[in-house]
**Student:** 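Please see the structure below; I have some questions.
Worth knowing before you read on, the calculation uses all heavy atoms, side chains too, and leaves out hydrogens, waters and symmetry mates. Everything quoted here is computed from the prediction, not taken from an experiment.
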Amino acid sequence: AIVSYVRAYSEHRCNHIFRFAHMDMGRLARSFALLRLPKMPELRGKKIDFVETTIDTDTIPYKDTKRERARQVRLTAARVERDERARKRTRRHENPPSKRLQESVKAKQEEPDDNEDDWEELAR
């Protein structure tokens, strides 16, 4: 809701009345009872007086046990995916692009060059 509100406020036709530059984003976030600010382009570079909470929302269970089980499954899948992405990133750092490039050049040099034979056949 806050994302839509901020975008509507910043793109309003009466920008001489609704001045986005003078909007107190910290107060607005507190009025929406946010625990942390969303990432959005309108907030980049703005100094915001807002203290994010350290509450881990993943530990707050649903009252409905069926929905809680489904949420736990989604959280587990998200953790596995996040860990897999982190492993891929570390693999990329262990094998930097320059090293990969050198390996691919070596592989190309080691491959037999069939093009010369093809050209010789065409020349006949």
Side-chain angles (χ1 to χ4, degrees):
I2 191 170
V3 174
S4 299
Y5 182 88
V6 169
R7 287 198 178 140
Y9 199 93
S10 66
E11 297 171 0
H12 198 277
R13 287 185 181 180
C14 295
N15 58 4
H16 62 282
I17 297 172
F18 301 110
R19 296 175 190 222
F20 181 71
H22 298 296
M23 179 185 263
D24 187 355
M25 297 304 289
R27 276 187 168 173
L28 181 67
R30 284 189 294 278
S31 71
F32 275 88
L34 296 180
L35 299 176
R36 55 183 159 262
L37 288 172
K39 292 182 181 178
M40 48 192 293
E42 291 86 359
L43 299 180
R44 281 192 208 128
K46 286 189 76 108
K47 187 176 181 181
I48 301 171
D49 182 28
F50 181 75
V51 178
E52 293 187 0
T53 62
T54 57
I55 297 172
D56 184 12
T57 54
D58 292 343
T59 61
I60 303 170
Y62 288 157
K63 276 188 173 182
D64 184 12
T65 56
K66 190 175 182 180
R67 288 184 67 199
E68 177 61 19
R69 273 187 256 124
R71 184 181 77 94
Q72 289 299 328
V73 168
R74 282 193 314 270
L75 286 174
T76 304
R79 280 189 208 113
V80 168
E81 185 179 328
R82 192 177 339 121
D83 293 344
E84 183 61 31
R85 272 191 261 130
R87 266 189 249 118
K88 284 181 182 178
R89 264 188 254 125
T90 56
R91 276 190 229 136
R92 231 182 279 143
H93 291 298
E94 290 170 357
N95 194 5
S98 59
K99 192 172 183 179
R100 288 193 302 257
L101 182 63
Q102 289 170 356
E103 289 171 359
S104 67
V105 168
K106 265 186 192 178
K108 285 182 182 178
Q109 289 173 349
E110 291 173 1
E111 289 178 4
D113 193 12
D114 294 334
N115 290 338
E116 290 179 21
D117 297 335
D118 293 341
W119 283 108
E120 287 175 11
E121 282 181 30
L122 288 172
R124 293 183 200 165

**Student:** Would you check if E81 and R85 make a side-chain contact, meaning some heavy-atom pair closer than 4.5 Å?
**Tutor:** yes
**Student:** For atom CZ of R30, is the number of surrounding heavy atoms from other residues, nucleotides or ligands below 6.0 Å larger than 12?
**Tutor:** yes
**Student:** Between CZ of R87 and CD of E84, what distance do you get to the nearest 0.5 Å?
**Tutor:** 4.5 Å
**Student:** Sort out for me which residue in T59, T54, I60 forms a side chain to side chain contact (heavy atoms under 4.5 Å, CB included) with D56.
**Tutor:** T59
**Student:** Give the minimum heavy-atom separation between Y62 and E68, together with the two atoms involved.
**Tutor:** N-OE1, 2.7 Å
**Student:** Could you grab the distance from atom CG of L75 to atom CG of D58, nearest 0.5 Å is fine?
**Tutor:** 4.5 Å
